[in-house]
Amino acid sequence: MTVHNSEIADAFDKLADLLEIEGANPFRVRAYRNAALTVRGHPHSMAELVAQGADLTELPGIGEELAEKIRTLVNTGELPALKKAEARIPGALSLMLKIPGLGPKRVKALHEQLKVRSLQDLARAARRGLIRTLPGFGTRTEARILEQIERQAQVERRSKRIVAEEIARPLVDYLQAIKGVKQVTVAGSYRRRKETVGDLDILVTAGRGTPVMARFIDYDEVVEVVSQGETRATVRLHSGMQVDLRLVPQVSYGAALHYFTGAKAHNIAVRRIAVAQGLKLNEYGLFEDGKRIAGRSEHEIYRRLGMAYIEPELRENHGEIEAAQHNRLPQLVEVKDIRGDLHSHTKASDGHDELRTMAHAAIAHGYDYLAISDHSRHVTVAHGLDAERLAQQIDAIDRLNDELGRPLLLKACEVDILEDGSLDLPDDILARLDLRVCAVHYQFNLSRRKQTERILRAMDNPHFNILAHPTGRLINQRAPYEVDLERLMRAAVANGCFMEVNANPDRLDLTDDACRMAKELGMKVAISTDAHSTAGLDYLRFGVDQARRGWLEANDVLNTRSRSRLLRLLRR
DNA sequence: GCCGTTTTCGGCCCGACTGTTTTCAGTCG
């Protein structure tokens, strides 16, 4: 039984919660939280590092004691310190910290004075009107607690970024239209281009006296004003999305942008660097002896702290700060580097447009090539092609390329990987293609070992080129199937195969972390849209964002190559 | 509990807003 990084991180976080409620040294609490962050964000599993005998104290924020606790967790699945804490106070108290408005001090008071041990106890106490009797609590707090418990049922969920964009764009336009408003920028995880967005953080600069806050809470979609001050307000929109707005002066724009873009761990790390240099960094600027020495732009702040500018996509405190200090940041891939798309569908299977329509869309995108990769026969719901129909499509593509006067369309197929690891079409027809995009569409529930073996076996087929949507996950909808990605990547490198970063905003598969792993293992990826219509080709940018978050450069991406170099790379 | 071009001891990121107060602690991002 392997203990996953997330379980180790969860144990540390819970221990931090309980210690905090007990009133332990806040810096000790923070040490556990930092450790949780480090472990959760680490590209390699702690279990593996322990097995290799690696020195865990090399990891940031991990010292001798925490290293020992990680080893214990890996070896026994348990954390004795957490057990002991739970013997002193109920573990369920940590759940109460998730209720907005309740922090460690109040949870401690509720536990000690009202004997609250669970969320049920808490709801009961609130209904009886006991909470308002405690010092520091009032009727507003009591009502809010009850409301929050009842709302807990609807799980908090992060929105896919494409959904967040649909919510953010009209709001940004609305704010931008206010007379006196200068800049409106959506910061936060939205700006870091994360695949999902929890809430929107909007930064506004405006001339003196501009009624930004009043107009903000007056926005048509606002259903609740959570808080409102002179420079900061929080609202909830009809869509359920929470929006924070911060009004900042122009001289502080860069500092505020940096502060509000995060991630939190990145911010803390950068502030510590400032402190080490005798400076202070906050959302208003970088200060030396109370005098602002930078703040107008992010570039200025990074430069003054002795590091290169860090792209928002990299700001997770996953090594980007050290890289920036040593000028070793990657030159991230951009949309304009992409020369073509390697995964698309037509009406021949489950696409919505004709071959010719797709070709013209590819030309409009300025592409050198577009792979037409309709499904193979096994995907019956998608009207997948058998050998005969694929042969017809190959001929149709040849004719169209002739007509266009250049080999724009690549002959391809999204070939199903069957349960035994064989490919869904005979070798002789596969051999006539320029490119085979191979994918799992059935039997998601195999064990990790079996699923891995299945795909490894498929890679043994010399016609296998690119593994499409490698984990099969659908964001917020379907979990990835169990598979050993690292092993697959190593096999791909050994066999001259590749994986896809599926750019569909519902998939974004590989993930950012997996992209990073691919880079470390030397496996190039294809950023492909899996377009089922001409409009689908526009989703490329989501895939590029994901790749950028995974530190990928143009050289790490297959389809930044010219057609001839691409075809040479695909040769096994 | 971690960590070190201030330190092996004594620091540890920083400010806004709310509710309950009557000057501020607690919470949040």
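Each chain gets a letter, A, B and so on, in the order its sequence line appears, and its residues count up from 1. This structure is a prediction, so every number in the text was calculated from the model and none was measured. All heavy atoms count here, side chains included; hydrogens, waters and symmetry mates do not.
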Euclidean distance, atom [atom1] of residue [X] to atom [atom2] of [N] [Å, nearest integer]:
X        : N      : atom1 : atom2 : answer
A:Arg132 : B:dT20 : CZ    : C1'   : 14 Å
A:His258 : B:dG29 : NE2   : C1'   : 15 Å
A:Asn25  : B:dG11 : CG    : P     : 13 Å
A:Lys108 : B:dG26 : NZ    : P     : 11 Å
A:Leu245 : B:dG29 : CG    : P     : 15 Å
A:Glu58  : B:dC3  : CD    : P     : 11 Å
A:Arg232 : B:dG29 : CZ    : P     : 8 Å
A:Phe12  : B:dC2  : CZ    : P     : 9 Å

Rounded [atom1] spacing from [N] to [M] in Å:
N      : M      : atom1 : value
B:dT5  : B:dG1  : C1'   : 24 Å
B:dC17 : B:dT22 : P     : 23 Å
B:dT18 : B:dC12 : C1'   : 27 Å
B:dG11 : B:dT6  : P     : 16 Å
B:dC2  : B:dT7  : C1'   : 14 Å
B:dC28 : B:dT20 : P     : 14 Å
B:dC9  : B:dC14 : P     : 25 Å

With distance as the sole test, does [X] use its side chain to make a donor-acceptor pair with the main-chain N or O of [Y] at under 3.5 Å?
X        : Y        : result
A:Gln277 : A:Leu305 : yes
A:Arg473 : A:Leu508 : yes
A:Arg193 : A:Gln546 : no
A:Asp121 : A:Arg117 : yes

[X] near the nucleic acid: base, sugar-phosphate alone, or nothing, with a heavy-atom cut-off under 4.0 Å?
X        : result
A:Lys264 : base
A:Arg272 : sugar-phosphate
A:Thr139 : sugar-phosphate
A:Thr234 : nothing
A:Pro104 : sugar-phosphate
A:Tyr32  : sugar-phosphate

Given DNA chain B, 5'-ward residue of the pair A:Tyr284 and A:Gly101, judged by closest heavy atom: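 Final value for this comparison: A:Tyr284.
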Of A:Val107 and A:Glu230, the one whose closest DNA chain B nucleotide lies more 5':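 Its nearest nucleotide being more 5', the pick is A:Glu230.
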If you check every side-chain atom of [X], which of [options] has the closest atom?
X        : options                : value
A:Gln242 : B:dG29, B:dC14, B:dT18 : B:dG29
A:Ala31  : B:dG26, B:dG1, B:dG15  : B:dG1
A:Arg140 : B:dG1, B:dT20, B:dT18  : B:dT20
A:Glu65  : B:dC17, B:dG29, B:dG1  : B:dG1
A:Asp244 : B:dG26, B:dC17, B:dG29 : B:dG29

cation_pi(A:Arg161, A:Phe542) dist<6.0 Å, angle<=45: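 Pair A:Arg161/A:Phe542 does not count as cation-pi.
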Within 6.0 Å of CD in A:Gln52, more than 12 heavy atoms from elsewhere: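 More than 12 within 6.0 Å, yes.
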Residue pair A:Arg292 / A:Ser252, side-chain donor-acceptor N/O under 3.5 Å: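 A:Arg292 vs A:Ser252: donor-acceptor pair found between side chains.
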Watson-Crick or G-U wobble partner of B:dT8, both distances under 3.5 Å: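 The answer is none; no pair meets the criterion.
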A:Thr141 vs B:dT20: side-chain N/O to OP1/OP2 distance below 4.0 Å: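 For A:Thr141, the contact criterion (side-chain N or O under 4.0 Å from OP1 or OP2 of B:dT20) is met.
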